[in-house]
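Structure first, then comments.
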Number of protein chains: 2
Amino acid sequence: MIKKQLIMEKALELFAKQGFEATSVQQITEHCGISKGAFYLSFKSKDELILALINHFMMQFISEIDYIVRNTNDDKELLYKFYYATFDSFHKHSDFAKILMKEQGQSINKELILKMHYYDRLFETVILSMIERLYGKEVKQTKYDLIYCIKGFMNTYSTLFLFSNVPLDVNKLSKSLVEKTNLLARHTTVPFISQELFQMFNHPMNEEGTKKEQILEIMEQKIKEMVEPIEKESLILLKEQLLEPTLSPAIVKGLLENIRNHPHCKWISYLLRGYFKL
Amino acid sequence: MIKKQLIMEKALELFAKQGFEATSVQQITEHCGISKGAFYLSFKSKDELILALINHFMMQFISEIDYIVRNTNDDKELLYKFYYATFDSFHKHSDFAKILMKEQGQSINKELILKMHYYDRLFETVILSMIERLYGKEVKQTKYDLIYCIKGFMNTYSTLFLFSNVPLDVNKLSKSLVEKTNLLARHTTVPFISQELFQMFNHPMNEEGTKKEQILEIMEQKIKEMVEPIEKESLILLKEQLLEPTLSPAIVKGLLENIRNHPHCKWISYLLRGYFKL
DNA sequence: TTGACAAATGACTCGTTAGTCATTATTATA
DNA sequence: TATAATAATGACTAACGAGTCATTTGTCAA
């Protein structure tokens with residue numbers, strides 16, 4: 001298990017520098033100081049490795065941003081916090097962000113493309129819920145355009161500081177983008193992306209409906225692995241709540257809070273927040 | 001020479017579908033109905049092919065947009081025409097645009113990365129000159145941000161219609177982006193990218209200063225190849241003008257107009273417009 | 001028809017890579 | 001200490017791809 005993490009860390013560095021295709025398993029194992037055979041004890045294939053990396057970081061990223069959007073009460077702060085957290089995350093995990101940019105749309109692996117689409121959709125959902133909350137009916141016609149504008153901002157500005165070695169002021173950048181986003185939200189009158197168009201783009205959303213049964217499966221897996229008592233009990237209680245709702249919303253929310261910051265529970269926490277509508 | 005074009009066309013299709021790395025020379029030659037050896041009669045290597053493709057399309061694209069920006073007199077139309085031409089070009093050459101998106105930042109080839117950066121800088125220059133003309137001192141503090149916003153819009157909206165099979169209304173999209181750009185230009189007060197920052201990003205601009213001597217070299221090459229009498233004479237006169245300015249601006253402009261629409265002269269025409277400041 | 005020249009071919013070389021598996025080293029258990 | 005179980009190794013295979021070059025095919029002038 002610890003070996004798996006080592007491989008993921010070292011591979012991340014190489015992928016960010018050279019790209020996925022251009023990095024051989026040989027190189028990865030050398031960089032880890034292990035043998036080639038040892039690699040295949042942890043991962044069935046090179047593809048499984050990149051998939052694990054994508055999953056690991058995207059789950060972390062999405063759940064982090066989603067938590068911020070759900071738990072920032074002050075509307076005035078929300079957009080700033082959203083941008084700040086996004087760029088801060090890109091900055092902290094810049095190697096992963098680089099891979100994301102490089103492998104964008106690329107990748108021969110079909111499963112990977114689907115996964116990327118899936119996370120992209122999730123992220124769009126988070127943005128959309130934020131926009132709807134902040135601007136309400138004001139952006140009824142233009143909210144889908146706003147999503148793409150926000151994504152466009154994130155894309156260009158990320159590329160900028162990921163691929164040049166210029167130190168960046170996340171605070172200043174976020175403030176600047178908050179102003180731009182507000183401007184567009186409040187004054188745009190000519191929409192391009194209608195709801196129909198938006199749904200057409202997002203058609204293959206099916207991938208992992210993440211229904212009750214799937215959440216249960218993931219939870220059982222984690223409960224087995226978990227050693228910390230508080231987190232473990234919280235997980236068990238939440239699992240029971242999932243099977244048969246008996247606890248009050250306050251208790252459920254508290255239990256979620258217990259597991260939220262455990263590195264292995266962020267994703268479960270995100271799924272449950274969605275399921276319990278908290 | 002005609003073989004070269006065939007290879008470029010067929011390779012473009014495959015690269016757009018599968019990516020550059022994932023496409024073998026074997027596949028390209030099979031798709032062309034020629035032998036592997038024949039490929040190497042036209043191109044020294046696979047890298048030379050992708051470089052030729054990038055050069056071919058980027059020259060065409062940049063010079064087209066530059067011409068529009070320089071020759072649209074009505075400021076009210078300019079931004080619309082800019083967006084329209086951009087998306088129209090992406091649409092017409094969607095296979096190339098796909099490659100551009102996929103190979104973005106990627107690519108092991110150093111020469112290619114430099115070339116891409118170079119064209120990126122040229123495109124930014126065109127955008128900047130347009131912004132300065134349209135908004136003047138109004139955007140003194142925010143013009144560099146505006147460049148990246150425009151590029152961000154282009155990026156997200158292109159991805160959208162390049163990788164989903166939804167038919168697009170370029171007219172509507174352009175109008176929508178014109179409004180957004182105007183909003184940002186007129187009301188943004190919080191800049192993020194200062195002039196210093198902008199220059200830091202663009203540091204390695206050196207690549208092909210495209211000075212007089214280089215233009216001359218390209219011209220001599222083209223003069224030899226050219227068969228059409230009017231274009232040929234225009235080129236010869238322009239070459240003389242480059243060596244020793246004797247003609248009036250009106251005549252020079254007319255000569256440029258003569259060659260502008262010849263598929264092989266667009267790039268020269270662009271370089272000369274810059275050199276003669278027309 | 002012939003011979004000289006150019007165009008085109010594809011079998012071949014050489015390097016590289018993902019993935020396997022018989023063998024060896026390490027650790028746990030009795 | 002002996003034995004079993006598990007972890008780790010790296011030489012090996014099979015496949016593929018870029019680029020080469022001896023040979024064949026086509027063209028055209030004499």
Side-chain angles (χ1 to χ4, degrees), chain A residues 1-56 99 102-103 106-113 115 224-225 227, chain B residues 1-55 99 102-103 106-113 115 224-225:
Chain A
M1 215 49 173
I2 199 78
K3 184 71 62 64
K4 215 166 173 169
Q5 244 171 291
L6 172 75
I7 293 172
M8 281 171 78
E9 272 170 35
K10 297 296 184 183
L12 192 72
E13 291 171 24
L14 293 172
F15 289 164
K17 227 182 288 169
Q18 315 169 336
F20 175 69
E21 291 284 339
T23 304
S24 69
V25 174
Q26 193 85 244
Q27 262 181 296
I28 297 170
T29 55
E30 273 165 21
H31 201 222
C32 289
I34 61 170
S35 71
K36 208 173 171 189
F39 175 90
Y40 287 93
L41 293 176
S42 294
F43 295 96
K44 271 206 285 294
S45 67
K46 200 182 156 192
D47 279 4
E48 198 184 274
L49 167 61
I50 187 77
L51 222 94
L53 279 170
I54 299 280
N55 271 328
H56 177 80
I99 293 174
K102 283 188 178 179
E103 244 61 35
Q106 186 86 300
S107 70
I108 305 89
N109 189 326
K110 282 218 171 173
E111 205 183 338
L112 211 147
I113 293 176
K115 265 270 141 53
K224 274 185 217 148
E225 292 173 9
V227 281
Chain B
M1 215 49 175
I2 199 76
K3 185 71 62 63
K4 215 166 174 171
Q5 244 170 292
L6 172 74
I7 294 171
M8 282 172 77
E9 272 170 35
K10 296 296 184 184
L12 193 73
E13 291 171 23
L14 294 172
F15 289 163
K17 227 182 287 168
Q18 317 169 331
F20 175 69
E21 292 284 337
T23 304
S24 70
V25 174
Q26 193 84 241
Q27 263 181 294
I28 297 170
T29 55
E30 273 165 21
H31 201 223
C32 290
I34 61 170
S35 71
K36 209 173 173 188
F39 175 91
Y40 287 94
L41 292 177
S42 293
F43 295 96
K44 271 208 283 294
S45 66
K46 198 181 157 193
D47 280 4
E48 199 185 274
L49 167 60
I50 187 78
L51 222 94
L53 280 170
I54 299 281
N55 272 328
I99 294 173
K102 284 189 177 177
E103 243 62 35
Q106 186 86 299
S107 70
I108 304 91
N109 189 327
K110 283 218 171 172
E111 204 184 338
L112 210 147
I113 293 176
K115 264 271 141 54
K224 273 185 218 148
E225 292 173 9

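Keep in mind the model is a prediction, meaning the values are calculated, not measured. So that the names make sense, note that chain A is the first sequence line, chain B the second, and so on, each numbered from 1.
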Closest-nucleotide 5' rank along DNA chain D - winner of Q26(A) and I34(A):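 First, find each residue's nearest nucleotide; the 5'-ward one identifies I34(A).
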Roughly how far apart are L6(A) CG and H31(A) NE2, rounded to 0.5 Å?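 Interatomic distance, L6(A) CG to H31(A) NE2, rounded to 0.5 Å: 9.5 Å.
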If you measure from CG on L12(A) to CD1 on I7(A), what distance do you get to the nearest 0.5 Å?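 The distance works out to 13.5 Å.
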Rounded to whole Å, how long is the line connecting atom [atom1] of [X] with atom [atom2] of [N]?
X: L49(A); N: dG19(C); atom1: CG; atom2: P; answer: 11 Å
X: E21(B); N: dA18(D); atom1: CD; atom2: C1'; answer: 12 Å
X: D47(A); N: dT17(C); atom1: CG; atom2: P; answer: 16 Å
X: K3(B); N: dG26(D); atom1: NZ; atom2: C1'; answer: 12 Å
X: E48(B); N: dA18(D); atom1: CD; atom2: P; answer: 15 Å
X: Q27(B); N: dA15(D); atom1: CD; atom2: P; answer: 18 Å
X: I7(A); N: dA7(D); atom1: CD1; atom2: P; answer: 14 Å

Would you say [X] and [Y] make side-chain contact, with heavy atoms under 4.5 Å?
X: I28(A); Y: L49(A); value: yes
X: E30(B); Y: Q26(B); value: yes
X: Q5(A); Y: M8(A); value: no

Determine all donor-acceptor pairs shorter than 3.5 Å in which one atom belongs to a side chain in residues 39-46 of chain A; sequence neighbours excluded.
residue, atom, partner, partner atom, Å
S45(A), OG, D47(A), N, 3.4
S45(A), OG, E48(A), N, 3.2
K46(A), NZ, F20(A), O, 3.1
K46(A), NZ, T23(A), O, 2.7

Residues of residues 35-46 of chain B with any non-hydrogen atom less than 4.0 angstrom from an atom of DNA chain D: list those, numerically ordered, please.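 K36(B), Y40(B), S45(B), K46(B) - these, ordered by number, are the residues of the stretch whose heavy atoms sit under 4.0 Å from the strand.
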